[in-house]
Amino acid sequence: MIRFSLPRPRHLKIVSVVAAGLLVASVATSPAGNAAPATATPGGTPTAPGLAVDEISSSPNLRQVANLPKQAPFDTTSAFGTDMAFQGRYAFVGNYNGFVVYDIARPDAPKIVSQVLCPGSQNDISVYGDLLFVSTDSSRTDDSCASASQPATVKESWEGIKVFDVSDKANPRYIKSVETACGSHTHTLVPGKDRRTVYLYVSSYSPRADFPDCQPPHDSISIVKVPVHKPTDAAVVATPNLFPDGGYEGIPGQTSATTGCHDITAYPTKDLAAGACMGDGVLLDIRDREAPRVINRVRDTVNFAFWHSATFNNAGTKVVFTDELGGGGAATCNEIVGPNRGADAVYDITGRGDARTMVFRSYYKIPRTNADTENCVAHNGSLIPVLGKDVMVQAWYQGGVSVWDFTDSTRPKEIGFWERGPLSDTQLSTGGAWSTYYYNGYIYSSDIQKGLDVLKLSDWRTWTADLVRVPELNVQTQAGYLSW
């Protein structure tokens, strides 16, 4: 998600068989009216917009099995629920105020194990063994969990990565901080090849001449090296420039200029990564973990406003990029915006080695029209490990949850959905699903305002996914599901 407001003036082991700052000028909204209940066609897609406040609508194959609302001190409207990571029986969910550890041993009855109060948007999160990493992307007075907001124009302000020891899930311990240029909007965990090291690829953006620690041009990422057995030695070891010739210059009010990256997804076993870098999409060779190289770069100056995130298919032959039109704070799932903006773009990866290129095939957007009081746009999702198919589940903020098949890159199609009605039928309020991921037989969704939702997908087309169990999941660190 593009940051809303800042104090300145975002390892799998198979154990079974198988901005608001970028509100695009062309995104228009109309006065909200009273909503009528939606009806569903046999295929599962509502025939008309208009769920009532908090009303649930879904396809027959996707049902909610649990919801655990946000708890104090994370229960305010400004305490956004954000990204998720998983390990064993636990889910770790970021929040603008810190993070929450859930026990999901019984997916239909999740429980809160602990809550760590440590403010600093977005608190993007990942986990590796006993270590948990969170991103701080708002300028703070210091690196402590008791810090306060402070303008980035102040040299002493701090932003970056925080490291926690979560060996005791009920009592996480803050053990280390690493400051990074322009903060850490998101980070991507990349295990080192020696198994003794883990790397964090830190994405950040929006430099300014009066920000001492975020100077333009900012065409780089920060790479933090973490010795697994001595995490307090974590440090920035490289800041590779991904755009030595400069990134996309952008079109004011329409498309974002590239001034860093928003998010990176790595596929370590294939030595690949895909970067969603505001105005550019890039394919990276990460054989040398400390020196990633851009091997291909694509742009979409017609329909993409803000390159937000990426997802590989299991074979590593396709990549899905998302466009966060309107920064996650606008109503873009409507007829005015249309089907090709605020959508996903499916690219095939062709060629070999440094000759690999990304070739555009199609757009995918949820086929339902949402109300003008609902922020709705493509956001975070994950693969569902379906044998022989490319299927993913994805969050669309107040557009809800969509399960879609892109096995045919040119003809992606939705096969299931779940949606909650708007927070308000009179005004646009920020809410909905931030991240929605598949983990060990269930779909987990972090809702900005409503807490943790748990869904169950029951569909003959996806049943093979139930055979797959993994001990740990960081969605931006993809790993292959056996041989498919």
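Numbers here simply count residues along the sequence, with the first being 1.
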Inset, instruction - Tell me, with the steps shown, if Glu324 and His379 meet side-chain contact (heavy atoms from CB on, under 4.5 Å). - result: CA-CA 7 Å; Glu324 196 182 36; His379 213 232; 3.2 Å; yes

Inset, instruction - Please determine if Lys225 forms a cation-pi arrangement with Tyr199, meaning its NZ or CZ atom is less than 6.0 Å from the six-membered ring centre and no more than 45° off the ring axis. - result: no

Inset, instruction - Before giving the answer on ring-ring contact (aromatic ring centres under 6.0 Å, His included), spell out for Tyr205 and His218 the whole-Å C-alpha distance, their side-chain angles and the decisive distance to 0.1 Å. - result: CA-CA 7 Å; Tyr205 55 92; His218 179 66; 8.7 Å; no

Legend entry - Polar side chain donor-acceptor pair, Gln122 to Thr82, under 3.5 angstrom: no

Inset, instruction - Taking Glu414 for its side chain and Val403 for its backbone only, find out whether a donor-acceptor pair lies under 3.5 Å. - result: no

Legend entry - From CZ (Phe92) to OG (Ser114), nearest 0.5 Å: 8.0 Å

Inset, instruction - Applying side-chain hydrogen bond (donor to acceptor under 3.5 Å, both in side chains), run through Ser135 and His187 and close with a yes or a no. - result: CA-CA 7 Å; Ser135 288; His187 70 268; 2.7 Å; yes

Inset, instruction - Answer yes if the side chains of Ser402 and Tyr364 hold a donor-acceptor pair under 3.5 Å, and no otherwise. - result: yes

Inset, instruction - Would you give the length of the straight line joining atom CG of Leu452 to atom CD1 of Ile104, rounded to the nearest 0.5 angstrom? - result: 8.0 Å

Legend entry - Under 3.5 Å donor-acceptor, Glu156 side chain and Val154 backbone: no

Legend entry - Pair Phe99 and Phe164, ring centroids less than 6.0 Å apart: yes

Legend entry - Spacing of CD belonging to Gln64 relative to CD1 belonging to Ile56, to within rounding of 0.5 Å: 5.5 Å

